[in-house]
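Computation of the quantities below employed the complete heavy-atom set of this structure, encompassing side-chain atoms and omitting hydrogens, waters and symmetry-equivalent molecules. Numbers restart at 1 for each chain; the letters A, B, ... are given by sequence-line order, proteins then strands. Note that the structure is a prediction, hence the values are computed from the model and not measured.
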Amino acid sequence: MKTSNETQNILLIGTSDFAVPIFESIANDQRFYIVGVITQPDKPAGRKKELKESPVKEWSKTKSILPLQPESLKDGSIDEQVKKMNADVALVVAYGKLIPDDLLNMPKFGTANVHPSLLPEYRGPAPIQYAILKGNHKTGTSVMLIDEQMDHGPLLTQMEYKLSGNETYQELSDTLSRLSANIVPEALSLYINGTLKPVEQNHNKATFTKMITSNDGSLFWEKDAVSLGRRIRALNPEPGTYCMIDGKRLKIKHARNIGRDGKPGEYFEHEGSLAVQCGGDALVLDEVQPEGKKWITGEQYLNGYGLPK
RNA sequence: CGCGGGGUAGAGCAGUUGGCAGCUCGGGAGGCCCAUAACCUCCAGGUCGUCGGUUCGAGUCCGACCCCCGCAA
């Protein structure tokens, strides 16, 4: 077994923004040497379908690393290349594709994963959003070893984070990413030198999340303003929340809860801004975006469009 | 050639069959009031995205281009 002052060869596997600060902290840590990066292929994105590189790919280029971008890991197309990397450990963060067992087991010490929840709570694809949606007072991030089941492997370490009740998905994601970046190198290092023993999760307490889609962004004003407010924050900025006015979509970026009774779905003016009555309390819509338009304030909306019927 | 909306005053919008360019905010001046972010009066401010075409006349019709955005991926 290697000692802690030896440099470990590490393979980084990830795609989204969430992974970048974590990978950066690995890159800046003398205990690790990055032998390779795997990220998703460039994909057509946006209206013009221009190929877009993943945030991890952009990051890796700043480190002069050319990432592998296989369409699939299951066909074994990159197995040989990965084997040659001679990785001691692999770290998966927000990769977005299934990684087959033989690849997971290729590194001597296996493959670790960062999951932004207090596992076994919120396994699955949307842990950050769920923490906000459910109105939790705390969440956190977990570092674990990947096993054969989704977010099921033994834990290396966790860190709690207290929620203010005002954070958006984007903000919480950034925060948990930075928190993770602080603890991942140490946890991996202690695990590799044998100081840190993986602890099995309490599987009886496991809860699961489902992928958030744009359909989840539809707001029903019959619901209470508190849960609607959570939804608006949990889906901000992606995929975003919206309601329909006059057959057109109105996206809602930011809303404020005010105490008020009335008929749900009724729009009214509140201190010059657009507001809507909900099932319990009401929401002031501070920042909205009419279909095909730019983001505007609720006040600008009223000036231009007037009060919806 | 994925579908679609839009570029008009500092901001957000309207502009009907082509015929003097408007609304709500904001800005300025004045007034009312014990006072006000409230109310009243008046004022300023627009090469109507760009280029070309049709026409006596184009924000409006035709063509090309630039930019912004929603959906879908």
Side-chain angles (χ1 to χ4, degrees), chain A residues 13-20 38-58 67-75 94-98 124-126 128-129 133 168-171 173 209-221 228-229 231-260 265-277 282-309:
Chain A
I13 305 174
T15 300
S16 73
D17 287 312
F18 184 85
V20 171
I38 299 177
T39 191
Q40 290 217 22
D42 299 352
K43 287 183 174 174
R47 271 174 291 271
K48 292 169 187 168
K49 289 178 138 184
E50 288 166 341
L51 283 182
K52 190 164 174 25
E53 300 182 341
S54 79
V56 165
K57 181 176 181 181
E58 289 182 17
L68 298 176
Q69 299 181 276
E71 271 302 331
S72 168
L73 296 176
K74 286 184 284 190
D75 57 12
Y95 176 54
K97 279 183 186 293
L98 191 78
I128 302 174
Q129 294 94 322
L133 270 179
T168 63
Y169 163 65
Q170 178 80 67
E171 291 162 358
S173 177
T209 65
K210 279 186 280 197
M211 183 84 81
I212 303 277
T213 71
S214 57
N215 290 334
D216 296 314
S218 184
L219 297 174
F220 298 97
W221 301 131
L228 287 168
R231 180 165 293 267
I232 290 167
R233 287 185 290 113
L235 275 62
N236 176 340
E238 291 297 329
T241 47
Y242 62 90
C243 61
M244 300 302 285
I245 290 180
D246 211 21
K248 289 186 178 177
R249 189 180 290 234
L250 182 71
K251 296 185 86 171
I252 316 290
K253 183 185 278 185
H254 182 258
R256 249 178 316 131
N257 196 324
I258 55 170
R260 185 178 186 273
E266 192 175 54
Y267 293 94
F268 61 96
E269 184 194 323
H270 178 78
E271 291 172 357
S273 186
L274 177 64
V276 62
Q277 180 64 47
L283 287 173
V284 180
L285 309 180
D286 288 313
E287 207 173 351
V288 301
Q289 183 182 36
E291 195 172 307
K293 297 293 195 172
K294 296 180 180 178
W295 285 102
I296 57 177
T297 64
E299 193 174 336
Q300 289 174 324
Y301 183 92
L302 279 187
N303 282 337
Y305 298 87
L307 207 53
K309 61 146 182 55

- Any pair with a residue in residues 231-251 of chain A that passes side-chain hydrogen bond (donor to acceptor under 3.5 Å, both in side chains), sequence neighbours left out, goes on the list, sorted by first then second residue, please. none

- On RNA chain B, nearest-nucleotide positions of A:Lys248 versus A:Glu299: which is more 5'? A:Lys248

- Task: For A:Leu302 and for A:Ala45, find the nucleotide of RNA chain B with the closest heavy atom, then tell me which residue's nucleotide is more 5'.
- Result: A:Leu302

Pairing partner (Watson-Crick or G-U wobble, both distances under 3.5 angstrom) of [N]:
| N | value |
| --- | --- |
| B:rC3 | B:rG70 |
| B:rC65 | B:rG49 |
| B:rA11 | B:rU24 |
| B:rC39 | B:rG31 |

- Task: Using a 4.0 Å heavy-atom cut-off across all strands, classify A:Lys251 as base, sugar-phosphate, or nothing.
- Result: sugar-phosphate

- Task: Quick one: label A:Gly306 by what it contacts on the DNA or RNA (base, sugar-phosphate, nothing), any heavy atom closer than 4.0 Å.
- Result: nothing

Go through [options] for me and flag the one nearest to the [X] side chain.
| X | options | value |
| --- | --- | --- |
| A:Lys293 | B:rG12, B:rG70, B:rG6 | B:rG6 |
| A:Lys294 | B:rG6, B:rC68, B:rA73 | B:rC68 |
| A:Gln289 | B:rC25, B:rA72, B:rG70 | B:rG70 |
| A:Gln300 | B:rA11, B:rC71, B:rU24 | B:rA11 |

Sticking with atom [atom1], work out how far [N] lies from [M], rounded to a whole angstrom.
| N | M | atom1 | result |
| --- | --- | --- | --- |
| B:rG15 | B:rC51 | C1' | 24 Å |
| B:rC48 | B:rC20 | P | 15 Å |
| B:rU50 | B:rC42 | P | 33 Å |
| B:rG59 | B:rU8 | P | 15 Å |
| B:rC43 | B:rG7 | C1' | 28 Å |
| B:rU55 | B:rA11 | C1' | 35 Å |
| B:rG27 | B:rC34 | C1' | 28 Å |
| B:rC65 | B:rG57 | C1' | 26 Å |

- Item | Heavy-atom check, side chain of A:Tyr169 versus side chain of A:Pro239, under 4.5 Å | no

- With a 4.5 Å heavy-atom cut-off, do A:Gln69 and A:Gln40 have their side chains touching? no

Whole angstrom is fine here: how far is it from [atom1] in [X] over to [atom2] in [N]?
| X | N | atom1 | atom2 | result |
| --- | --- | --- | --- | --- |
| A:Glu238 | B:rA73 | CD | P | 14 Å |
| A:Asp246 | B:rG70 | CG | C1' | 16 Å |
| A:Tyr305 | B:rC25 | OH | P | 17 Å |
| A:Glu291 | B:rA72 | CD | C1' | 13 Å |
| A:Ile296 | B:rC68 | CD1 | P | 19 Å |
| A:Lys43 | B:rA72 | NZ | P | 16 Å |
| A:Asn215 | B:rA72 | CG | C1' | 12 Å |
| A:Leu250 | B:rG70 | CG | C1' | 12 Å |

- Would you please classify the geometry between the A:His270 ring and the A:Phe268 ring as parallel, tilted or perpendicular, with 30° and 60° separating the classes? perpendicular

- Note on the structure: Distance col, row A:Leu283:CG vs A:Leu228:CG, nearest 0.5 angstrom, shows 6.0 Å

- Message: One thing to verify: whether A:Asp42 and A:Lys57 come together as a salt bridge, which I'm taking to mean a side-chain N less than 4.0 angstrom from a carboxylate O.
- Response: yes

- Query: Think A:Thr297 has a side-chain N or O under 4.0 angstrom from the OP1 or OP2 of B:rG12?
  - Reply: no

- Message: So, OP1 or OP2 of B:rG12: does either fall under 4.0 Å of a side-chain N or O from A:Tyr301?
- Response: no

- For A:Leu285 and A:Ala255, the nearest pair of non-hydrogen atoms, with its separation, is CD2-CB, 4.0 Å

- Look at the side chain of A:Arg47 and the base of B:rG2, then say whether one donor and one acceptor between them are separated by less than 3.5 Å. no

